[in-house]
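The structure displayed is predicted, hence computed values, not measured ones. Residue numbers begin at 1 in each chain, while the letters A, B, ... track the order of the sequences.
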Amino acid sequence: MRISKSRFCPMMIKRKRQYSAGSSNLTAWFNKYVDKADVSCWNSIIADLARSGNSVEALRAFWSMRKLSLRPNRSSFPCAIKSCSALLDLHSGKQAHQQALVFGFESDLFVSSALIDMYSRCGLLRDAWTLFDEIPHRNVVSWTSIITGCVQNDHTRQALLLFKHLLLIQQIDYEDVSLDPVVLVSVLSACSRVSSNRLTQCVHGLVMTRGFDGDLGVGNTLMGAYSKCGQLRLSRKVFDGMAQRDLVSWNSMIAIYAQSGLSNEALQVFYGMVKEGGFLYNAVTLSAVLLACAHAGALLVGQCIHDQVVKMGLEENVIVSTSIIDMYCKCGRVDMARKAFDSTREKNVKTWTAMVAGYGMHGRAKEALEVFYKMISHGIKPNYITFVSLLNACSHAGLLEEGWYWFNTMNHEFGVEPGIEHYGCMVDLLGRAGDLNKAYDLIKGMAMRPDSVVWGSFLGACRIHKNVKLAEISARKLFELDPSNCGYYILLSNIYADAGRWEDVERMRVLMKNRGLVKPPGFSVVELKGMVHLFLVGDREHPQHKKIYEYLETLIIKLQEVGYAPDVTSVLHDVDEEEKEMTLRVHSEKLAVAFGIMNSVPGTTIQIIKNLRVCADCHTVIKLISKVVNRQIVIRDSKRFHHFRDGLCSCGDFW
DNA sequence: TTAGGGTTAG
C-alpha cells in the first residue's frame, strides 16, 4: 500500500482510535511508513504515545526524530518534556531542555511550563523557579505550573502565597469568578493537604459558581481533592454530576474506592465503565481494579483481569505486574504470584517487596528471605516497606534471630532508619517468642512515641505468656491511645480470666458497657462458582443453614473419634453476655468451611476470608477437618493466611 | 495546552 504524504496524517489519526489501548501496534504501523513522516506527523505520534502513557516510547520517538535531522518546532517539545516528567527522568529532561535552548523555544510559554513541571516533579523546585523567573510574560499556565510544582514538593504555604499574589496582580478578590478554574482547583488540592478549611470553602465556592461542566479536568481534580480529605461521598457526587467523563474520571473513581478498601464499589464502577462503552480501559484502570480484587480476596475476578492484562499486552508494565503479584498473594495463591513474579522482566522495589510480603503473610519466611537476598544481589535497594515486610515475615514464622539481625542491620547497611512499624514487628517477634522483658525494654527505648499497634502486639504477647502485670501496663496505654477499640478490652479481660481474676473480668465488662462499646460481629466469606456467600457468627439467615448445621454436627462427631476435645477457653472468657451462648452458637469460619465442603467437588481447595483473627478452637477444628475430609483449606484472617492441609497448618500454630 | 488517574506493610 502506498500512501501519499497528504493522506498520511488523517490515516494515522484513524489508526490512533483503533489502537488507543496499547500503542505497540501503532508504533509498528508508524515504523512502516516512517520515512514519509514530516515534523507534524512525528509530533502527532509523540503526543499520542505520551497521552496513552507510553512515555518511554514517546521519548524514543522524539530522539528518533532528532536523529533524522528534522527540525523540531515549538509543539515538538512539550510532549517529550512531559514524558520525561512522567518517567521522573531528569537526565532526558535536561537533554530536552538543552535542545529547546538550541532551537530557541525556551521562552515559549508551553515549553517553559512543561519544563517547570518536569523540574518540579523531579524534585528540583529551584530550577523550576529559575525558569519561572525568566519568563518575560507569564500566562495562567506558567502560574499554574509553578503553583502545582510547589504543591507537589510539599511547599504548600508557598503555593498559597503564589495564589494570593496571582489574585492580587489580576486585581481580583475571592468573589471574582473570572479566574481560570484550573488555578482554583490546583490551589484547592493544595488546601486539601493543609486542611485550610476557610480557603478550601472559598475556592470550592468559586468553582461551584463558575461551574465545571465541560471542564473535565476540574471535575477530575475535585474528585481527587475530596478523596484526599476523606470526603468520598463528595467525590462520588462530583463523578455522578459530570456531564461527560473521560478515562481519567473513571480511573479516578475506581482508584478512590479501591484505595479506601471499598472493593465492591470499585468493581461496580469498573463494570459500569465497561457497560457504558466507549471506554477502553488501560493499565491504570486494571491496576486499580486488581487492588480492589486483592482487598476483597476476589480470586476469580482477579484472574479474569489477569487474562485481560495478557490480552492487552500489559504484562511488561511494572505497576500492573506488581498489582497482579499482590492480588494473587492476597487471594491466597502465593505460588501463582511467584509464577507471575518470575515471568516479569522488569522489577522495581515494589515488585520485590510485594513478593517478600506475600511469602510473609503466608508464613513462608524462608522464601521471603530468599527473595530478599535475591533482591539485594540484583542491586535493588530495599526501602522502608521492604523491611516492614521482611520483619513481618520473620515475626509470622518466629524467626527471632533473622529478625533481630535485620532490624539491627537495616540502618547502617541500607540507610533505612527503623520506624514505628519496624519496632512493632520486633515487639511482636520478641513478645511471642516469650521474651516479654526484652520486648518491653525495646518499647521503652523507642525514639518515637509507641502507638497502639506496638502496645497492641505487646498485649497480645502478654496474653500468650499469661503476664498480667505487663498486660495491665500496655492496656492502660491502649485505653488512652485507642479507647474505642474493644479488642483490647476483650484481650485484657481474657488475660484476667486465665488468671482466675473474675472480678476484673466483670470490671472490664462494665467498663465496655459504660463506654458504649460493642464487639463487631465476626464474619466469613466464601466464594463459590462466582457467588460470594457471607456467614455471621451463629448464622441462621443462609438458605442452606439447616443442612450446614447438620453436616457440621456429623463432622464434629468424626473429629471427636480422632481425639478432638472442644477448646472452651475462648468461649468462657468472652465478656459479652451473649457470647456465653457461644457453646450453642458457631463461629462463622466453621460454617463457611462446612458450606464450602458441601458445595464443591471433592479434592478442591476451600478458600475463606475472615474479618477477625481465627480463634484457637476453630484453628484446631479446621486442621482436623482438612485431614478427615482430605481437603486443603485456606483462610485469610485479618492479619495473615492459614493453609490447612492433612491435619496441619502452615503457621505451625504460631500466630 | 496547563490541571486530574495506578503498584509494595499494618
Side-chain angles (χ1 to χ4, degrees), chain A residues 47 51 53 74-75 77-79 82 108-114 116-117 139-149 151-152 180-190 212 215-225 227 238 245-256 258-259 281-292 294 314 317-327 329-330 347-358 360-361 382-393 395 419-422 424-425 428 451-454 456-457 638-640:
Chain A
R51 241 196 312 274
R74 56 197 292 274
S75 12
F77 287 97
C79 282
K82 207 177 150 190
D108 177 273
L109 281 172
F110 292 138
V111 177
S112 59
S113 299
I116 290 173
D117 181 61
N139 69 356
V140 82
V141 180
S142 335
W143 280 94
T144 312
S145 303
I146 194 72
I147 291 178
T148 353
V151 173
Q152 279 159 356
D180 193 301
V182 174
V183 183
L184 297 175
V185 170
S186 88
V187 175
L188 175 71
S189 334
F212 52 84
D215 196 336
L216 277 166
V218 179
N220 293 342
T221 312
L222 264 177
M223 283 165 60
S227 77
V238 173
R245 298 174 189 138
D246 66 355
L247 190 58
V248 178
S249 327
W250 287 99
N251 287 352
S252 301
M253 201 61 245
I254 295 171
I256 287 168
Q259 286 162 357
Y281 39 84
N282 65 358
V284 179
T285 327
L286 295 185
S287 39
V289 175
L290 283 165
L291 179 65
L314 295 171
N317 180 314
V318 213
I319 298 181
V320 172
S321 53
T322 305
S323 309
I324 289 173
I325 293 164
D326 181 51
M327 181 274 294
C329 288
K330 289 187 180 147
K347 298 184 183 82
N348 63 16
V349 212
K350 293 185 180 182
T351 321
W352 288 94
T353 306
M355 202 60 243
V356 173
M361 67 180 89
N383 67 11
Y384 191 93
I385 295 173
T386 316
F387 281 108
V388 177
S389 314
L390 187 71
L391 295 178
N392 195 37
S395 102
I420 198 148
E421 290 89 348
H422 304 110
C425 293
D428 199 53
D451 64 357
S452 59
V453 179
V454 174
S457 348
S638 59
K639 287 242 167 125
R640 59 169 297 162

At less than 4.0 Å, is any side-chain N or O atom of A:Lys330 found next to OP1 or OP2 of B:dA9? Yes or no.
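Looking at the OP1 and OP2 atoms of B:dA9, one of them is under 4.0 Å from a side-chain N or O of A:Lys330.
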Once you round it to whole Å, what is the distance between [atom2] of [N] and [atom1] of [X]?
X: A:Asp326; N: B:dG6; atom1: CG; atom2: P; answer: 15 Å
X: A:Leu391; N: B:dA9; atom1: CG; atom2: C1'; answer: 11 Å
X: A:Trp143; N: B:dT2; atom1: CH2; atom2: P; answer: 19 Å
X: A:Met223; N: B:dG6; atom1: CE; atom2: C1'; answer: 14 Å
X: A:Tyr384; N: B:dT8; atom1: OH; atom2: P; answer: 17 Å
X: A:Gln259; N: B:dG4; atom1: CD; atom2: C1'; answer: 13 Å

Looking only at the side chain of [X] (C-beta and beyond, no hydrogens), which of the listed nucleotides [options] gets closest?
X: A:Val388; options: B:dA9, B:dT1, B:dT8; value: B:dA9
X: A:Pro78; options: B:dG6, B:dT8, B:dT1; value: B:dT1
X: A:Asn220; options: B:dG4, B:dA9, B:dT7; value: B:dG4
X: A:Ala357; options: B:dA9, B:dT7, B:dG6; value: B:dA9
X: A:Ile319; options: B:dG4, B:dT7, B:dA3; value: B:dT7
X: A:Ser145; options: B:dT2, B:dG6, B:dT8; value: B:dT2

Going by side-chain contact (heavy atoms from CB on, under 4.5 Å), A:Leu290 matches just one of A:Thr285, A:Ile324, A:Thr322, A:Ile319. Which one?
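Exactly one candidate clears the test, A:Ile324.
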Just checking [X]: base, sugar-phosphate only, or nothing, at a heavy-atom cut-off of under 4.0 Å?
X: A:Ile324; value: nothing
X: A:Asp117; value: sugar-phosphate
X: A:Ser323; value: sugar-phosphate

Among all residues two or more places apart in sequence or in another chain, which pass the side chain to side chain contact (heavy atoms under 4.5 Å, CB included) test with A:Ser75?
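A:Ser75 satisfies side chain to side chain contact (heavy atoms under 4.5 Å, CB included) with A:Asn43, A:Asn73 only.
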Name all residues meeting the salt bridge (charged side-chain N to carboxylate O under 4.0 Å, His left out) criterion together with A:Asp451; count only those two or more places apart in sequence or in a different chain, and write none if there are none.
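A:Asp451: no salt bridge (charged side-chain N to carboxylate O under 4.0 Å, His left out) contacts found.
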